[in-house]
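Following: one structure in structure tokens, then a few remarks.
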Amino acid sequence: MENFTFYSPTYFAFGKNMESEAGKLAKRFGATKILIHYGGGSVVRSGLLDRVKKALDSEGLDYVELGGVQPNPRSGLVYQGIDLCKKEKVDFVLAVGGGSVIDSSKAIAAGVCYDGDFWDFYSGKYIEQALPIGTILTISAAGSEGSPDSVITNEDGMYKRGATGDAIRPKFSILNPELTQTLPAYQTACGITDIMAHLYERYLTNSKEVEVTDRLIEALLLTMVHEGPRVIEDPNNYEARANIMWAGMMAHNNAVGVGRSQDWNSHNIEHELSAKYDCAHGAGLAVTLPAVFTYVMNHDVMRFAKVATRVWGCQMDFDHPEVTAKAGIEALRNFFISIGMPKNFEELGAKKEDIPELVSVLCDGDGRPGYIEGFVKLDKTDCTKIYELMAN
Ligand code: NZQ
Ligand code: ZN
């Protein structure tokens with residue numbers, strides 16, 4: 001196990017009706033004037049936004065609103081949000097929605113405390129300072145409710161990049177599984193896929209002797225394999241939604257990723273797809289993961305065989321571990337298909353002829369060195385072959 005530091009001070013309020021605590025929690029973490037940030041309207045239609053405003057009113061808190069965050073959140077609205085916060089002297093940002101809303105809120109919160117262009121953070125500058133953030137989560141997926149990360153799409157070129165810093169870890173996150181019951185099945189499945197991707201990206205490590213985090217990741221993957229189909233079959237299954245919601249947080253606040261190197265090549269490869277085709281991040285990952293894993297499997301075939309046996313129940317073939325490894329990747333792919341995810345470029349809406357452009361932005365865009373590196377180093381030829389696997 002490698003040395004690590006881990007600091008995860010988010011206060012979680014989990015369970016039914018917890019959104020009624022929003023005012024008390026915002027006050028507790030120092031809010032006086034709040035920006036309520038939300039998406040394309042689901043929180044308006046569900047009545048959640050009204051309930052949140054009531055909770056703030058009852059604590060005498062002042063607020064302004066900014067809706068309109070799109071999935072794969074855009075830089076333009078972030079600039080608007082920064083201007084609004086400065087003008088209105090906002091001192092707290094409350095995200096009501098999914099990962100896109102939370103990430104946009106994080107970008108605004110960091111941008112308000114910074115004299116330069118907020119995009120500097122998405123070009124590699126660490127976020128040292130930000131307004132405090134609270135979240136009320138409406139979809140189990142990105143894990144942004146407990147993470148120090150944010151992903152934004154730059155509209156000037158339509159490419160997607162991440163930023164990080166402990167300053168943007170939410171001060172509190174309200175997790176009420178009931179709020180996710182209004183999700184369309186497709187979005188639920190995208191979320192399940194993303195959570196599993198966050199676990200796999202951590203599982204694929206070059207660090208040795210990391211049994212505790214290996215076992216925790218396997219437990220969370222097993223939970224997803226059990227609960228995923230239950231919630232697709234019955235969207236009102238509160239207990240399944242609750243288990244998925246907490247697994248989604250655990251998958252990405254890095255409690256199960258400490259002390260080990262991690263991958264993230266699949267996320268980088270996918271981000272080019274959701275940036276270019278505006279597909280859901282989870283749907284892009286369903287197509288990306290099996291292709292990447294097939295391509296890199298031989299780098300550490302035993303690791304793939306291990307997850308195949310421990311999570312997917314495959315029989316270990318000691319003479320031919322690559323057979324077991326492949327069976328595990330196939331099981332993952334079939335699982336994604338079974339919950340309604342796309343299986344190739346065509347179903348995702350991506351185009352084979354765009355591969356050279358995708359590879360160029362992925363490997364060279366925004367100052368990248370001509371390759372990406374995680375579990376393995378992937379140059380442009382490797383990335384081309386991986387995208388081709390998805391296209392065929
Ligand atoms: O905009 P509204 O109307 O709210 O609709 C949203 C949106 O269309 C809808 N939705 C959310 N909750 C709902 C609901 N519809 C009905 N009922 C509800 N309860 O779902 C759609 C997708 O929402 P979005 O926020 O985009 O989903 P998700 O949470 O998957 O976030 C995806 C974004 O997170 C980034 C992704 O790249 C993508 O941009 N990621 C962020 C990470 C982080 N900050 O740590 C890590 C992840 O790996 C990921 O990259
Ligand atoms: Zn993700």
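In listed order, ligands and their atoms are each counted from 1. These values consider heavy atoms only, across backbone and side chains, with no hydrogens, waters or symmetry-generated copies.
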Margin query: Testing the 3.5 Å rule here: is there a donor-acceptor pair between the side chains of Asn253 and Ser147?
Written below: no
Next item on the list: First locate atom CD of Gln80, then atom CD1 of Ile82, and finally report the distance between them rounded to the nearest 0.5 Å.
Entry: 11.0 Å
Note to self: Under the rule for side-chain hydrogen bond (donor to acceptor under 3.5 Å, both in side chains), what residues qualify as partners of Asp120, not counting sequence neighbours?
What the structure shows: Tyr114
Check: Once rounded to 10 degrees, what value does the angle at the Zn ion (ligand 2) take between NE2 (His267) and NE2 (His198)?
Finding: 90°
Note to self: What does the 4.0 Å heavy-atom contact list look like for ligand 1?
What the structure shows: Gly39, Gly40, Gly41, Ser42, Val69, Pro71, Asn72, Pro73, Gly98, Gly99, Ser100, Asp103, Thr138, Ile139, Ala141, Ala142, Ser144, Ser147, Asp149, Ser150, Val151, Lys160, Leu179, Thr182, Leu183, Gln187, Asp194, His198, His252, His267, His271, His281
Next item on the list: Would you confirm whether the ring centroid of Phe92 sits within less than 6.0 angstrom of the ring centroid of Phe29?
Entry: no
Check: Between Tyr79 and Phe118, how do the two ring planes meet: parallel, tilted or perpendicular, split at 30° and 60°?
Finding: perpendicular
Checklist line | Of the N, O or S atoms in Asp194, the one nearest the Zn ion (ligand 2) | finding: OD1
Check: Parallel, tilted or perpendicular: which fits the ring planes of Trp264 and His198, with parallel below 30° and perpendicular above 60°?
Finding: tilted
Notebook entry, point to check: Cation-pi between Lys16 and Tyr238: NZ/CZ under 6.0 Å from ring centre and within 45° of the ring axis?
Noted result: yes
Notebook entry, point to check: Taking just the N, O or S atoms of His281, which one is nearest to the Zn ion (ligand 2)?
Noted result: NE2
